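As the structure is a computational prediction, the values presented were derived from the model and not from experiment. These values consider heavy atoms only, across backbone and side chains, with no hydrogens, waters or symmetry-generated copies. In the text below, chain A, chain B and the rest are named by the order of the sequence lines, each starting its count at 1.
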2 protein chains.
Amino acid sequence: MPEKIIPDIVVGRLPIYLRALPRMLEEKRRVTSSQELGERLGISAAQIRKDLSQFGEFGKQGTGYSIDYLAEQIRQILHVDRVWDMAVVGVGDIGSAVARYQGFSHRGLRVAMIFDSDPAKIATQESSFTVKDTKTIKESIHEAGIQVAMIATPSQVAQEVAEELVSAGVKAILNYAPINLTVPENVRVQYIDPAIHLQRMTYYL
Amino acid sequence: MPEKIIPDIVVGRLPIYLRALPRMLEEKRRVTSSQELGERLGISAAQIRKDLSQFGEFGKQGTGYSIDYLAEQIRQILHVDRVWDMAVVGVGDIGSAVARYQGFSHRGLRVAMIFDSDPAKIATQESSFTVKDTKTIKESIHEAGIQVAMIATPSQVAQEVAEELVSAGVKAILNYAPINLTVPENVRVQYIDPAIHLQRMTYYL
DNA sequence: TAGATTGTTAATCGATTAACAATC
DNA sequence: TAGATTGTTAATCGATTAACAATC
């Protein structure tokens, strides 16, 4: 039975829907509609219904969606109804900010390990972690069964770090280095580069 | 004369093209083709040619594109052939990492001012900046004529900070707080939220 | 000249929106 | 019941790709 292929652009919107739902709960809302959610997010109601309907029927005619239930369903779809251990490579400004960030654990992710190649940093304490030598990436990550990693190294070494991570079994990489990575097609990469986002806006200034 | 409207998705790819070009120069390349650039970026050659042709004719049949010339043209299109001053609001882990980041200036941007509301931080030194009181946002930013800002505050105050920035004349906001902002339609917002990118990948794990 | 690669058009593909029957 | 809102289909819209004449 061939599994239905969901467009990547639809998958990409699910985390945005999911992020909004706990905020609505905080406001003591219990039920929402595609229209209300759409207005908050600047997305059309039709699109939200269409996206969600790819995965099942989560709403009730006349009433809308139970916020709690919808959030739980999206968590399951995205596999964040569990917690994924992550490795961070590069303990510079960004790497340590990420290591200290408290916001991941509610969202199905957690930093479990950090690496650097600088002898002055290796074996020191950073947040609640002892910095490991990047030379041990393959062994440590493989042993821990970690599949998700963030690269926060200088651009020059990002590609080789990526290859090391892949050989250790990593399947999802979030890259903070401002460079395009080449990885096998069964590995996913996402990029965070503030300058890219900013240049996208300066066009309109 | 109505100016041609360029799709936002095309504008969004220009910074990606631009980022790759100086790297090619470093490798002593002087000329490239849509095919070569496309292979590096995982984008089709036809799309790159189509995108660029929206803005002019930058290549030569049979030869390709002069890397130097193309980069300069894209910089002009994106208005990063100058340097934009930016304000950073929130001097936590992310805010200070951004304030210290050296990579903006080559790309047409520069942090010029940082703000926090914590009395323990106001007037202290952070990187090369003296932290200003968020209460002075409107006055300081307006006086400096700053149009670009980054929000790196807790989510709870991000919306009100955004409104303050807008009233000070800011037209482009990069938001690190994991929350959707509501702004007037002449103001652009881009979001950076690592958890969103990560959840987009855990779907496939 | 022969080979390569652009810029552009037309064809294809895919995503978004509008509309509405079903139904809570 | 009347009103509201879903899930889904068909229509529209927009983006990507293929193909090729032009030309360096």
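To the nearest angstrom, P of dC24(C) lies 17 Å from CZ of F58(A). Between the CG atom of L52(A) and the C1' atom of dT6(D) there is a distance of 11 Å, rounded to whole Å. Atom-to-atom, CG of D8(B) to P of dT16(C) comes out at 13 Å; the value is rounded to the nearest Å. Between F55(B) atom CZ and dG7(C) atom C1' the separation is 15 Å, expressed in whole Å. One atom, CG of D51(B), and another, C1' of dA15(D), lie 10 Å apart when rounded to the nearest Å. The distance between atom CD1 of I48(A) and atom P of dA18(C), rounded to the nearest whole Å, is 14 Å. In this structure, Q54(B) atom CD and dT16(D) atom C1' are separated by 12 Å, rounded to whole Å. The CD atom of Q35(B) sits 15 Å away from the P atom of dA19(D) (whole-angstrom rounding).
Y65(A) has no side-chain polar atom (N or O) that falls below the 4.0 Å cut-off from OP1 or OP2 of dC24(C). For dC24(C), neither phosphate oxygen OP1 nor OP2 lies less than 4.0 angstrom from any side-chain nitrogen or oxygen of T63(A). An OP1 or OP2 oxygen of dT16(C) is reached within less than 4.0 angstrom by no side-chain nitrogen or oxygen of S44(A). Phosphate contact (OP1/OP2 of dT16(C), side-chain N/O of Q47(A), threshold under 4.0 Å): present. For the OP1/OP2 pair of dA18(C) and a distance below 4.0 Å, the side-chain nitrogens and oxygens of R49(A) include no atom meeting the criterion.
For the residue pair Y204(B) / D8(A), a side-chain donor-acceptor distance below 3.5 Å is found, with atom types taken as modelled. Counted by atom type alone, S105(A) and R110(A) present zero donor-acceptor pairs between their side chains at under 3.5 Å.
With distances taken from any side-chain atom of Q61(A) to the nucleotides dC24(D), dT8(D), dT6(D), the minimum falls on dT6(D). The side chain of A46(A) has dT17(C) as its nearest neighbour among dT17(C), dT6(C), dG7(D). Distance from the side chain of K50(A) is smallest for dT17(C) among the nucleotides dT17(C), dG7(C), dC24(C). Of the listed nucleotides (dG7(C), dG7(D), dA15(C)), dG7(C) has the atom at the smallest distance from the side chain of E57(B).
The partner of dA22(D), taking Watson-Crick or G-U wobble pairs whose two distances both stay under 3.5 Å, is dT5(C). In this structure, dA11(D) and dT16(C) make a Watson-Crick or G-U wobble pair, each of the two defining distances being under 3.5 angstrom.
Each of D133(B), T134(B), T130(B), T136(B) was checked for a side chain to side chain contact (heavy atoms under 4.5 Å, CB included) with I122(B), and the lone residue meeting it is D133(B).
Around CD of Q102(B), the count of heavy atoms belonging to other residues, nucleotides or ligands within 6.0 Å does not exceed 12.
Using a distance-only test at 3.5 Å, with no hydrogens or angles considered, a donor-acceptor pair links the side chain of D116(A) to the main chain of V91(A).
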